[in-house]
Chemist: 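Take this structure first; my questions come after.
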Protein chains: 2
Amino acid sequence: MKASAAASRADSAAAGGRRRRAALSREAIIEAALNIGSSEGGSALTFSRLGKELGADPTAVYRHFRDKDELVLALTDRMVEESVKRVEDVDPEQVGWREWLRRVAVAVRAVYLERPAVAVLAATRTTASPAETASVERLIAVLHRTGLGVIEAAEIYRGLLDLTLAMAQATAAFTLLPAEVQEQDATAWTVTYATLSESEFPHVRRSVPRLAELNRDDGAVFELVLDTFLDGVQTRVDRAGAGGSGSGS
Amino acid sequence: MKASAAASRADSAAAGGRRRRAALSREAIIEAALNIGSSEGGSALTFSRLGKELGADPTAVYRHFRDKDELVLALTDRMVEESVKRVEDVDPEQVGWREWLRRVAVAVRAVYLERPAVAVLAATRTTASPAETASVERLIAVLHRTGLGVIEAAEIYRGLLDLTLAMAQATAAFTLLPAEVQEQDATAWTVTYATLSESEFPHVRRSVPRLAELNRDDGAVFELVLDTFLDGVQTRVDRAGAGGSGSGS
DNA sequence: ACCTGAACACCGTTCAAGT
DNA sequence: ACCTGAACACCGTTCAAGT
């Protein structure tokens with residue numbers, strides 16, 4: 001029972017084979033790590049799980065990465081690359097800057113939430129990889145072209161990405177908690193808030209169905225925040241347009 | 001050497017005494033945990049550190065909390081209470097809804113960042129404690145009084161708090177990383193980004209001093225996001241005022 | 001009734017052996 | 001040149017003893 005579960009994990013890595021010695025390489029390890037990140041339930045990224053996935057001794061990874069942090073940095077690069085890839089054929093000139101920013105943020109969040117175990121470690125890291133620098137340049141450029149000054153464009157870029165990555169990381173971290181813990185927190189909204197005194201908590205009571213709904217759907221909360229933030233960016237773009245008109249500082 | 005370091009920790013808990021048996025209680029344990037959370041460097045909240053702080057065996061905590069999660073929930077309540085206390089004598093009628101929301105968000109972030117080790121565990125949890133339910137009611141009420149419908153007010157409340165807590169949690173988590181790792185990430189901005197090709201990365205090169213500055217000051221990024229978000233809320237308030245005018249759905 | 005201390009199943013990491 | 005496996009210092013948690 002136990003042995004067969006372990007064997008099937010090894011098989012999925014060796015792709016049909018018998019548990020080959022897996023031709024360990026940075027690439028293979030990264031792939032395995034991303035795989036763990038995307039598997040069900042709350043499984044953290046761990047050397048022993050990595051070893052199982054690779055069909056190798058857990059410590060074999062140390063032959064290819066100095067330590068766990070170096071692996072995390074490599075995974076961070078992959079997450080950024082994947083995010084960029086998801087929006088590379090959306091043209092900001094076609095869909096407009098606002099819709100483009102929206103799609104970028106939604107894509108980044110989606111990539112991270114597909115791999116919560118990696119997201120939790122990668123979301124706040126900076127590697128200055130080619131994919132990262134190129135996308136930073138692009139984001140600032142698109143924001144600058146709206147009429148915003150370059151500095152303000154850079155500030156908005158940074159705010160948008162921090163906001164997106166932080167919210168994705170928070171959701172990913174919650175996802176990794178034990179299922180009972182998650183359910184327990186959820187009942188706060190469906191039970192406790194739903195039964196608060198109507199006279200003492202009139203506003204809560206009137207909105208509790210929506211609040212419970214939002215609690216079940218983190219994506220809706222994120223998009224709400226994102227849209228409100230973009231409304232704020234619009235306000236700044238309008239303000240810039242009224243003054244300097246066009247390019248400029 | 002080693003022993004004296006341990007003794008001084010115990011002393012700080014026993015407040016002058018000799019390492020009293022510390023009258024263990026939920027209160028004392030919570031206080032000790034908050035203390036750890038606020039000490040220097042990247043010290044995680046751990047049973048052994050808790051035991052040292054209390055001058056008791058690490059496992060003694062299990063006599064007062066079923067498991068670590070129950071402790072985390074109690075700490076979450078404390079963080080909410082402390083946040084509420086920080087703004088309780090700021091009157092939204094006096095300073096206006098926008099400034100009030102701003103101060104609430106800034107206070108919540110400050111409370112969490114003073115205790116990164118606790119923040120990282122508490123930020124995404126819901127306990128439906130009295131302090132929590134009361135502040136949710138208040139937030140929705142203030143937003144509703146701007147002319148927004150209750151449901152929309154509830155949505156904005158939720159977005160604002162998720163945004164604030166997620167960004168605080170992300171900063172707290174980064175704070176807990178080893179110092180060398182933090183520095184390494186910081187050099188991405190001061191070194192790599194600062195030396196990118198001027199022709200290929202014109203926008204980055206023009207804004208890199210500001211970007212490096214923002215990278216050193218997470219608070220500035222947060223306030224930027226917060227102000228932009230509040231601009232977006234303003235847009236929605238104006239929209240609601242143009243239509244329904246006053247109370248309503 | 002509460003605390004202690006040994007024990008267990010995990011973590012990341014190091015290092016001496018193996019091939 | 002790369003992998004294995006024992007070992008170590010930590011995690012949270014359980015449980016039999018102690019007082």
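Computed from a predicted structure; not experimentally measured. The sequence lines fix the lettering, A, B, ..., with proteins before strands; numbering per chain opens at 1.
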Chemist: Does a side-chain heavy-atom distance below 4.5 Å link B:F65 with B:L73?
Modeler: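 The answer is no, as the side chains (C-beta and beyond) never meet within the 4.5 Å cut-off.
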
Chemist: So if I define the base as every atom that isn't primed, P, OP1 or OP2, how would nucleotides 12-19 of chain D read as a B/S/- string at a heavy-atom cutoff under 4.0 Å?
Modeler: SBBB----

Chemist: Kindly write out the residues that satisfy salt bridge (charged side-chain N to carboxylate O under 4.0 Å, His left out) with A:E31, not counting sequence neighbours, or none if the list is empty.
Modeler: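 If we apply the salt bridge (charged side-chain N to carboxylate O under 4.0 Å, His left out) test to A:E31, skipping adjacent residues, the hits are A:R78.
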
Chemist: Test of understanding: with salt bridge (charged side-chain N to carboxylate O under 4.0 Å, His left out), list the residues that count as partners of A:D162, not counting sequence neighbours.
Modeler: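 For A:D162 the salt bridge (charged side-chain N to carboxylate O under 4.0 Å, His left out) partners, ignoring immediate neighbours, are A:R158.
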
Chemist: Distance check needed: D:dC10 P versus B:L50 CG, whole Å only.
Modeler: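 Distance check: B:L50 CG to D:dC10 P gives 17 Å.
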
Chemist: Using ring-ring contact (aromatic ring centres under 6.0 Å, His included), reason through A:F47 and A:Y62 one step at a time and then give a plain yes or no.
Modeler: CA-CA 10 Å; A:F47 277 85; A:Y62 281 93; 4.9 Å; yes

Chemist: With side chains defined as the heavy atoms from C-beta onward, is the minimum distance between B:L24 and B:I29 less than 4.5 Å?
Modeler: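 Side chain of B:L24 against side chain of B:I29, heavy atoms only: contact under 4.5 Å found.
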
Chemist: Could you write out DNA chain D as a dot-bracket string, with dots for unpaired bases, | for bases paired across to another strand, and Watson-Crick or G-U pairs counted at under 3.5 Å?
Modeler: ||.|||||...|||||.||

Chemist: Ignoring hydrogens and angles, tell me if any N or O in the side chain of B:S129 forms a donor-acceptor pair with the backbone of B:E132 under 3.5 Å.
Modeler: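 Yes, because the side chain of B:S129 sits within donor-acceptor range (under 3.5 Å) of the backbone of B:E132.
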
Chemist: Could you tell me how far apart A:D57 (CG) and D:dA6 (C1') are, to the nearest whole angstrom?
Modeler: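 Computing the A:D57:CG to D:dA6:C1' distance gives 10 Å.
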
Chemist: Can you tell me the distance, in whole Å, between the CZ atom of A:R26 and the P atom of D:dA1?
Modeler: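 Taking atom P of D:dA1 as the reference, CZ of A:R26 is at 18 Å.
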
Chemist: Taking distance alone, no hydrogens or angles, what donor-acceptor pairs closer than 3.5 Å link side-chain atoms of residues 104-120 of chain A to residues at least two apart or in another chain?
Modeler:
residue : atom : partner : partner atom : Å
A:E114  : OE1  : A:R86   : NH2          : 2.8
A:E114  : OE2  : A:R86   : NH1          : 3.1
A:E114  : OE2  : A:R86   : NH2          : 3.4

Chemist: For residues 67-76 of chain B, which residue pairs pass the side chain to side chain donor-acceptor pair (under 3.5 Å) check, not counting sequence neighbours?
Modeler: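 Sorted pair list: B:R26-B:E70, B:D69-B:R125.
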
